Amino acid sequence: GTSTFMEALAANGTTNMQASVTAVTASKRRFIDDRRDQPFDKRLRFSVRQTESAYRYRDIVVRKQDGFTHILLSTKSSENNSLNPEVMKEVQSALSTAAADDSKLVLFSAVGSIFCCGLDFIYFIRRLTDDRKKESTKMAEAIRNFVNTFIQFKKPIIVAVNGPAIGLGASILPLCDVVWANEKAWFQTPYTTFGQSPDGCSSLTFPRIMGLAS
């Protein structure tokens, strides 16, 4: 139940982790071809709230492992690991710490059966009842800072998607370096349904990855 990312990779027959870290660091936007067909290790699903965390947060769990930092979404201020300014600030703080310490990479995942349901619309709607213009500006700034943190992060970010990734939870994935998805992961960007413009630079990254037609 408490295996590290290194042990999980070793269990899948991947023993050259150090070589791969060096390769990803040297070319941050290059996918690791010899890893992408490896199965997702189910032992990564454990209740991290029952273990000691290297840092104390409310909406995320951060564990400093041997050579890397493990950041897990485990939100208490929102449902289904959705993102509000509080959650986004904690992720930014954890990434800033990892950028400055001896971590060689960041593993980003989530607790539970859902990876991330995107923006916390209930949180935003409640705050629009006061000053719409002021609150909308604050929301846009929070999202912009959150996305920029992923863009400007200089170390490799590996994402383990264990369930639904919706909206911003899906659009930040191309800003990372390697994405692992298990058999229960699925992705959706319902921007037109909610009358929302694409976020997380997805209007640029998605066409480059999937082509204009898709």
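This structure is a prediction, so every number in the text was calculated from the model and none was measured. Computed over heavy atoms, backbone and side chain alike; hydrogens, waters and symmetry mates excluded.
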> Could you pull out all donor-acceptor pairs under 3.5 Å where a side-chain atom in residues 200-211 meets a protein atom, sequence neighbours excluded?
residue	atom	partner	partner atom	Å
S202	OG	D199	O	2.8
T205	OG1	C201	O	3.3

> By side-chain hydrogen bond (donor to acceptor under 3.5 Å, both in side chains), which residues pair with S103, not counting sequence neighbours?
T69, D101

> Counting neighbours of CD on Q188 that are heavy atoms of other residues, nucleotides or ligands and sit closer than 6.0 Å, is the number greater than 12?
yes

> How close do G167 and P190 get, heavy atom to heavy atom, and via which atoms?
N-CD, 4.1 Å

> Checking side-chain hydrogen bond (donor to acceptor under 3.5 Å, both in side chains) for the pair S74/Y57: CA distance, chi angles, key distance, verdict?
CA-CA 10 Å; S74 181; Y57 293 96; over 6 Å; no

> Where do H70 and K64 land on the side chain to side chain contact (heavy atoms under 4.5 Å, CB included) test, with the steps shown first?
CA-CA 6 Å; H70 192 177; K64 183 65 183 298; over 6 Å; no

> Any side-chain heavy atom of L72 within less than 4.5 Å of one from I60?
no

> Tell me every residue that passes side chain to side chain contact (heavy atoms under 4.5 Å, CB included) with A99, counting only those two or more places apart in sequence or in another chain.
F153

> Quick one: closest heavy-atom pair of L83 and M88, and the distance?
CB-CG, 4.1 Å

> First locate atom NZ of K134, then atom CZ of R132, and finally report the distance between them rounded to the nearest 0.5 Å.
15.5 Å

> With a 4.5 Å heavy-atom cut-off, do E86 and R58 have their side chains touching?
no

> Do V147 and L168 come within less than 4.5 Å of each other through their side chains, counting heavy atoms only?
yes

> How about V178 and V159: do any of their side-chain heavy atoms sit closer than 4.5 Å?
no

> Just to verify, what does F124 make a ring pair (Phe, Tyr, Trp, His ring centres under 6.0 Å) with, not counting sequence neighbours?
none

> What is the distance from atom OG of S82 to atom CD1 of I114, rounded to the nearest 0.5 Å?
9.0 Å

> Does the side chain of V87 reach to within under 4.5 Å of the side chain of K89, using non-hydrogen atoms?
no

> Partners of N81 by side chain to side chain contact (heavy atoms under 4.5 Å, CB included), sequence neighbours excluded?
L73, T75, A110

> So which atom in P156 and which in D177 form the shortest heavy-atom distance, rounded to 0.1 Å?
CA-OD2, 3.1 Å

> Below 4.5 Å, heavy atoms only, C-beta onward: do L173 and F108 meet side chain to side chain?
no

> Can you check whether K155 reaches V106 side chain to side chain, under 4.5 Å on heavy atoms?
no

> If hydrophobic residues (ILVMFWY) are linked whenever their side-chain heavy atoms come closer than 4.5 Å, directly or via other members, who joins W186 in its cluster?
I166

> Under 3.5 Å, is there a donor-acceptor pair between the side chain of N80 and the main chain of C117?
no

> Taking all atoms of both residues into account, what is the closest heavy-atom pair of N84 and S78, and its distance?
ND2-CB, 3.6 Å

> According to a 4.5 Å side-chain heavy-atom criterion applied to Ile, Leu, Val, Met, Phe, Trp and Tyr, with indirect links allowed, do L175 and I143 form part of one hydrophobic cluster?
yes

> What's the separation between atom CD in Q152 and atom CG in N145, rounded to the nearest 0.5 Å?
9.0 Å

> State, to 0.1 Å, how close T189 and A170 come at their nearest heavy-atom pair, and which atoms those are.
CG2-CB, 4.2 Å

> Among all residues two or more places apart in sequence or in another chain, which pass the side-chain hydrogen bond (donor to acceptor under 3.5 Å, both in side chains) test with R126?
none

> Are S77 and Y123 close enough that a side-chain donor and a side-chain acceptor fall under 3.5 Å?
no

> For residues 136-152, pull every pair meeting salt bridge (Lys or Arg N to Asp or Glu O under 4.0 Å), keeping only residues two or more places apart or in separate chains.
E135-K138, E141-R144

> Look only at the side chain of N162 and the backbone of V111, and say whether a donor-acceptor pair between them is shorter than 3.5 Å.
no

> Ignoring hydrogens, what is the shortest heavy-atom contact between A165 and F115? Give both atom names and the distance.
CB-CD2, 3.8 Å

> Would you mind listing the cluster partners of L212? Hydrophobic ones only (ILVMFWY), side-chain contacts under 4.5 Å, chaining allowed.
none

> By side chain to side chain contact (heavy atoms under 4.5 Å, CB included), which residues pair with T149, not counting sequence neighbours?
Q92, L95

> Evaluate the side-chain proximity of I158 to W180: yes if any heavy-atom separation is below 4.5 Å, no if none is.
yes

> Output, in order, the C-alpha distance, side-chain angles, deciding distance and verdict of side chain to side chain contact (heavy atoms under 4.5 Å, CB included) for I151 and N148.
CA-CA 5 Å; I151 295 173; N148 281 337; 3.9 Å; yes

> State which residues pass ring pair (Phe, Tyr, Trp, His ring centres under 6.0 Å) with F146; sequence neighbours excluded, sorted by chain then number.
F150

> Strictly by salt bridge (Lys or Arg N to Asp or Glu O under 4.0 Å), give each pair with a member in residues 167-176 just once, sequence neighbours left out.
none

